[in-house]
Amino acid sequence: MFKKPKPEAEASDDLKKWSSQIRKGSLEMCLLGVLAHQARYGFEIVQHLNEVSGLAVSEGTLYPLLNRLQNEALIEAYWQESASGPPRKYYTLTATGRDSFTRMRDEWRRYADSVEAVLADSEREAPKAKARTPLEMAPKRE
Amino acid sequence: MRMTTTNPLPPAIAGYLQQLERELKPLPAEERADVLAELGAHLEDGLAAGQTPEALLAGMGPAREVAEALVSERLVAVDQRRGPGALTWMVVKAAGVPFLVATLVLLAVMVANTTYLYAELITHSHVAVGTVFYLLLYNLPAILVITIPVAAMMTGLAGIPKLATVLSAPTLRRMYPRLAVAALLTGALLSVGGFWLNDRVVSETNRMTVDLVRVFILNEKQAAPEAQRSPQEMTLAQVDRRIAAWRAERDQAAARGATYQDVANRDKELRAIEVDRHLKLALPTYALPLMALGFAIGSLLARRRPVPVWLNVGIAIATTVAIYLVMSFARASEAFSGSPAMAAWGPLLLPAIAAAAVWAYAKITRKGVYADV
């Protein structure tokens, strides 16, 4: 009844959850970015995001997201026959989508710079903190 | 849109697409075909690129989840175009239609049953058809009093799954706490309304029925004297006055040294009328726990989308039968010993406990049952 997850499993689950959360926020922008220069179809987008960009994206996430962006009129779709294989549904950016993407990209860069600054700062201060031995800290504990 | 499949697909993939088609039922046909063509093309491309069916389907995720996400995206888009008035109307319709349908069906069944019994009056006792018609008419309010609680249960039982198919999960999740409060308030309101109907209207129609039978069938010269009226022909206030009078008479009889048998008979009559008094309050009260029960079961059903019709109808019939069984226990409870209050109110505990149990099992809390969707 009362299953207690092992501490290490819990930690890696938390990391996974956190990792998927930060991906979720940026996926929409990445998807718009992939479509910035050319129209692509679903299979192609998954291949591109996974192999070229190294962003692990599942098909189960991608298609509903494409659907939503289409509902929000950021992308539009058309069907096209292919020389080999089935007809494919291609997605391109709309004018609104392109505008949105540019603003997202700028916002992301500003945000990434702030995050990077905090991380760099944390790494710079790390050795100083390490240098403090328990002996040095002892008097302060009174 | 188009499905040009040249090579036969592996069975796993074909089965997946079939399941997806079933799960996408809430979408309009054209959109469903579009989604199926697109995902079918994806799977074909994947096979052509040398991926195994298993790896492809694993990447896609369970058909149910993909379909739910797609349906939900579409419903969110539709919800955003809808105003708050439209949402209220959808809720009213989702709750009102099952209530009306249940009321009409139960009414039809019970009127048919009564007609069957009364038909004998026409064929054997040669009572005029018009008289029997009025007997049926005067019976309607009494029938309504016991159909209202079951119809109340149907609002949640059928209404919540209905809302889950026409609203997106986020919208439903947002509305859910308010829906729960509205359901309980409506249940309470129906209980009060049912009590009023039973107390003011049914007592009157019962009185008219008895007089009709006396004058037109038994050929008595006049209406029944007040002392002969049964508690079913009286309002709660009238019953209370009679109880007070009978109790005073019983105490007087005991004080002047009446026989043990006399006092025991008076006690027995007092107990019977007290059970009837409590039933006047207890029967309409069923609406509240049954409303809660239907709401909780409906919420559980709504989690598996789309809800098969047979499941919904099956649960509706089974619970209706169970409820009428419990309610008839309440009416027969004069036979049980124990306090008159317990005899009348005791059976009500069953639907109340059932509602609380399903409510707890469905984890209907302040956060709402849809917290995990």
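Quick note on labels: first sequence line is chain A, next is B, and so on, each numbered from 1.
The shortest distance between side-chain heavy atoms of B:D45 and A:Q47 does not fall below 4.5 Å.
The shortest heavy-atom contact between B:A49 and A:F43 is CB-CZ, 4.0 Å. Closest of all the heavy-atom pairs between A:G60 and B:V66 is CA-CG2, 4.2 Å. Nearest heavy-atom pair across A:S58 and B:G59 is CB-O, 3.5 Å.
Annotation: the span from B:L57 atom CG to A:E59 atom CD amounts to 9.5 Å, rounded to 0.5 Å. For the atom pair B:L70 CG and A:Y63 OH, the distance stands at 10.5 Å (nearest 0.5 Å). The distance from atom CG of A:N67 to atom CD of B:E38, rounded to the nearest 0.5 Å, is 8.0 Å.
In this structure, A:R105 places its CZ atom where more than 12 heavy-atom neighbours from other residues, nucleotides or ligands lie under 6.0 Å away. By the 6.0 Å contact criterion, NZ on B:K162 is open, its count of non-hydrogen atoms from other residues, nucleotides or ligands being 12 or less.
Heavy-atom distances place the side chain of A:V46, and not its backbone, under 4.5 Å from chain B. Proximity to chain A is absent for every atom of B:A48, based on heavy atoms less than 4.5 angstrom apart. Proximity to chain A is absent for every atom of B:L43, based on heavy atoms less than 4.5 angstrom apart. With a 4.5 angstrom heavy-atom cutoff, B:Q51 touches chain A only via side-chain atoms.
Your options are A:E72, A:Q70, A:R68, and the one with the most heavy-atom pairs under 4.5 Å with chain B is A:R68.
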Applying side-chain contact (heavy atoms from CB on, under 4.5 Å), run through A:L65 and B:E73 and close with a yes or a no. CA-CA 8 Å; A:L65 183 58; B:E73 287 299 351; 5.9 Å; no
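Between A:Y41 and B:H42, the ring center distance fails the sub-6.0 Å criterion.
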